[in-house]
Amino acid sequence: MRRTHTCVDLSKKDVGQEVVLMGWVHRRRDHGGVIFIDFRDRYGLTQIVFNPENNKEVHDRAHILRNEFVLGVKGTVIARPDDMINSNMQTGEIEVMIDELRIFNTAVTLPFQIEDNVDASEATRLSNRHIDLRRPELQKTFIARHKASMAVRNYLDGQNFLDIETPFLTKSTPEGARDYLVPSRVNEGQFYALPQSPQIFKQLLMISGFDRYYQIVRCFRDEDLRADRQPEFTQIDIEMSFAGEDEIMGVAEGLVKKVFKDVIGKEVQTPINRITYKEALDKYGLDKPDMRFELELKDISEIVKTTGFKVFASVVEKGGLVKAINAKGCATFSRKEIDDLTEYVGIYKAKGLAWVKIKEDGSWQSPIAKFFTPEEQALIAEKTDMEVGDIIFFVADNPKVVNESLGNLRNLLAEKMELIDEDLFEFVWVTDFPMFDYDEHEKRYSAIHHPFTAPFEEDYDKLETDPLNINSRAYDLVLNGSEIGGGSIRIHDRAVQERVFAALGLTEDDYKEKFGFLIDALESGAPPHGGIAFGLDRLIMILCKQSSIRDVIAFPKTQKASCLLTAAPSFASTDQLDELSLKVVLDD
RNA sequence: GGGGGUGUAGUUCAGUUGGUUAGAACGCCUGCCUGUCACGCAGGAGGCCGCGAGUUCGAGUCUCGUCACUCCCGCCA
């Protein structure tokens with residue numbers, strides 16, 4: 001018996017043909033006499049029929065069929081009478097009358113039904129992922145993922161990029177995320193690290209003269225998980241020589257254009273708008289602004305720095321900010337709703353959430369109204385575009401707290417106010433990131449992007465004197481409020497690289513031990529180069545409108561980084577540990 | 001490391017003020033049924049109430065601890 005068609009192929013034009021289908025029993029309807037089965041494979045559903053008048057022996061055997069049995073069936077395609085056409089099914093005009101039945105395998109009762117509207121908990125689904133993955137809805141996601149990968153390869157191949165593999169067993173580096181370590185048996189007591197990204201290797205490939213490199217590659221970071229973060233994830237990794245920001249961003253734009261076109265048939269408008277990091281924070285509070293709606297933040301620090309309202313005035317005096325956001329027409333928010341929003345901004349360390357409702361007569365209803373002079377009220381009203389029926393929220397604190405709390409509040413309000421069109425895909429480039437920030441815990445500067453990112457040339461002098469005021473040649477691509485890609489122009493000059501390491505507080509011995517091979521390579525004839533990496537999982541997640549990255553990874557891990565299907569990780573045997581010269585010491 | 005949520009039948013859930021034998025739907029099993037497509041009808045099986053202590057005459061319900069899953073903060077160059 002050999003498969004002739006899939007469960008989506010057959011239609012009226014095939015009536016009369018003898019066909020062989022192979023797949024799973026999706027649902028059965030046994031009438032005692034005639035038996036109907038919705039027969040499923042990767043491609044779709046076809047109704048197959050066992051009729052005693054057609055073939056008694058096969059019909060008798062078909063009584064034992066149950067959900068998820070695996071069958072091969074041979075039969076004749078017949079047209080359904082007009083009143084029995086199922087218009088909900090792609091193959092609803094026909095059915096297959098079965099003459100020959102092969103039962104390849106039976107199936108026990110499954111822990112949950114194979115249906116699109118899942119009602120099993122995620123833990124149950126992950127423990128039975130092979131079954132979960134039978135759901136057509138999930139299969140669609142992985143088909144989309146495949147198409148996206150193909151689009152990436154086709155596009156980059158067309159642009160002369162070479163796919164070159166880089167090692168997974170590599171060197172642990174300081175800076176950045178916690179490494180996954182792999183013990184070396186041959187070198188007792190020594191460890192490899194799994195790559196957080198192929199960053200240094202792709203730079204070395206540029207130095208080798210490969211000019212244009214890409215890879216769809218797994219990366220590993222041992223950090224805590226989130227709805228959009230897994231310990232292993234996939235990057236579309238790209239690097240180009242002799243290219244500046246515009247060329248790299250151009251390639252990136254061509255790439256997303258191709259992916260969106262091929263996978264969901266959407267046209268992405270290019271060039272994609274660019275805003276600076278500073279502008280993003282000013283207007284939206286976050287460095288990954290959701291551009292599907294307006295709802296901009298307004299800085300009223302200048303207006304309130306001399307106000308009688310000490311909470312605002314003293315914050316500005318200490319170098320903080322007071323910013324406002326106008327939720328148009330939301331003066332109807334209840335006390336409870338405002339309390340909930342206050343609690344929400346508390347997550348981001350905001351100590352409070354001041355508010356003003358504009359009453360019908362245009363006056364302020366607000367616990368803080370009495371602190372402001374009419375002139376101040378007028379200036380604030382103008383700045384925030386206050387109108388009757390609006391509610392304006394204020395946060396006063398240091399810039400980080402103000403921006404993070406109001407930026408996230410902005411996203412929450414947009415959702416609550418239903419300002420988000422779920423069919424929109426709004427891209428934006430964020431550029432001119434600061435080079436460093438100050439790590440309070442470690443009492444040193446740390447790189448915002450990574451230590452190989454080039455500063456702007458005019459800022460070189462500040463490396464030793466004023467590192468916090470250097471901007472880097474880094475850029476992030478943001479889609480619907482999610483960072484889906486990021487890259488930079490790299491340092492290709494040994495001296496500059498050493499000055500950046502020094503600014504990060506690394507001693508010469510430190511950076512020579514950890515990055516000596518890179519520094520040496522930089523003086524061996526390194527071309528100017530730069531690149532970008534996309535988070536493929538996140539991109540697919542947004543493309544397929546999924547709320548969790550786990551839904552776009554075939555075998556994902558739980559929040560505690562365990563695999564419920566295989567029960568990894570697990571303890572190693574004493575023999576394994578001995579071979580690796582390892583000893584496990586557990587805390588109490 | 002911290003905060004929130006969830007955990008009862010195979011699955012999704014209900015379960016009153018602490019009170020007799022813990023329910024429903026779907027699924028499963030048996031029988032009947034020749035045009036269904038969420039087939040129908042009749043009957044049936046199925047429970048470590050996450051786990052462990054405690055309070056109580058009595059705990060699914062209250063207290064404490066613990067585990068798992070999940071969302072978030074920190075963390076993630």
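Numbers restart at 1 for each chain; the letters A, B, ... are given by sequence-line order, proteins then strands. If you're wondering where the values come from, they're calculated on a predicted model, not measured in any experiment. Scope of the values below: all heavy atoms of this structure, side chains included, with no hydrogens, waters or symmetry mates.
- OP1 or OP2 of rC28(B) has at least one side-chain nitrogen or oxygen of Asn67(A) nearer than 4.0 Å.
- Outside the 6.0 Å centre-distance limit, the rings of Phe220(A) and Phe233(A) are not counted as a close aromatic pair.
- A donor-acceptor contact closer than 3.5 angstrom is absent between the side chains of Ser11(A) and Glu93(A).
- A sub-4.0 Å separation between OP1 or OP2 of rC69(B) and a side-chain N or O of Thr124(A) is absent.
- Among the protein residues, Gln230(A) comes within range of no part of the nucleic acid, since none of its heavy atoms lies under 4.0 Å from any strand.
- The residue Pro451(A) sits close to a base: some heavy atom pair falls under 4.0 Å.
- In terms of position on RNA chain B, the residue among Thr109(A) and Ser446(A) whose nearest nucleotide sits closer to the 5' end is Thr109(A).
- At the phosphate of rC69(B), OP1 or OP2 sits under 4.0 Å from a side-chain N or O atom of Ser562(A).
- Distances shown here put every side-chain N or O of Lys560(A) at or beyond 4.0 Å from the OP1 or OP2 atom of rC69(B).
- At the heavy-atom level, Thr173(A) lies nowhere under 4.0 Å from the strands shown.
- When heavy atoms are screened at a 4.0 angstrom cut-off, Arg27(A) is found touching the sugar-phosphate backbone but no base atom.
- Residue Arg66(A) is classed as a sugar-phosphate contact, given heavy-atom separations below 4.0 Å to backbone atoms only.
- Judged by centroid separation below 5.5 Å and plane tilt below 30°, Phe36(A) stacks onto the base of rU36(B).
- Residues His31(A) and Phe36(A) place their aromatic rings such that the two centres sit under 6.0 Å apart.
- Shown for residues 498-511 of chain A: no residue has heavy atoms falling under 4.0 angstrom of RNA chain B.
- Counting atom types as modelled, Arg229(A) pairs a side-chain N or O with a base atom of rC76(B) as donor and acceptor under 3.5 Å.
- To the nearest angstrom, C1' of rC69(B) lies 14 Å from CG of Asn128(A).
- For residues 77-92 of chain A, there are no side-chain hydrogen bond (donor to acceptor under 3.5 Å, both in side chains) pairs, not counting sequence neighbours.
- Looking at heavy-atom distances under 4.0 Å, Gln113(A) makes contact with sugar-phosphate atoms alone, never a base.
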What string of B, S and - do you get for nucleotides 2-9 of chain B, 5' to 3', when a contact is any protein heavy atom under 4.0 Å? --------
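- Applying the 4.0 Å criterion to OP1 and OP2 of rC73(B), one finds that Arg226(A) has a side-chain N or O inside that range.
- Taking the six-membered ring wherever Trp is involved, the centroid distance between the rings of Tyr348(A) and Tyr344(A) falls below 6.0 Å.
- Between His31(A) and rC39(B), a base-stacking contact is recorded: ring centres under 5.5 Å apart, planes less than 30° from parallel.
- For Leu110(A), the side-chain contact (heavy atoms from CB on, under 4.5 Å) partners two or more places apart in sequence, or in a different chain, are Glu68(A), Ile114(A), Ile131(A), Arg134(A).
- Nearer the 5' end of RNA chain B, as judged by each residue's closest nucleotide, is the contact made by Asp38(A), out of Asp38(A) and Leu225(A).
- Contacts with RNA chain B (heavy atom under 4.0 Å) in residues 544-559 of chain A: Arg550(A), Thr558(A), Gln559(A), listed by number.
- Contacts between residues 52-60 of chain A and RNA chain B, counted as heavy-atom distances below 4.0 Å, involve Pro52(A), Glu53(A).
- The distance from atom CD of Glu415(A) to atom C1' of rC72(B) is 14 Å, rounded to the nearest whole Å.
- Across rG46(B) and rG10(B), the matching C1' atoms stand 9 Å from one another, rounded to whole Å.
- When the side-chain nitrogen and oxygen atoms of Arg29(A) are compared with OP1 and OP2 of rU36(B), none of them lie within a distance under 4.0 Å.
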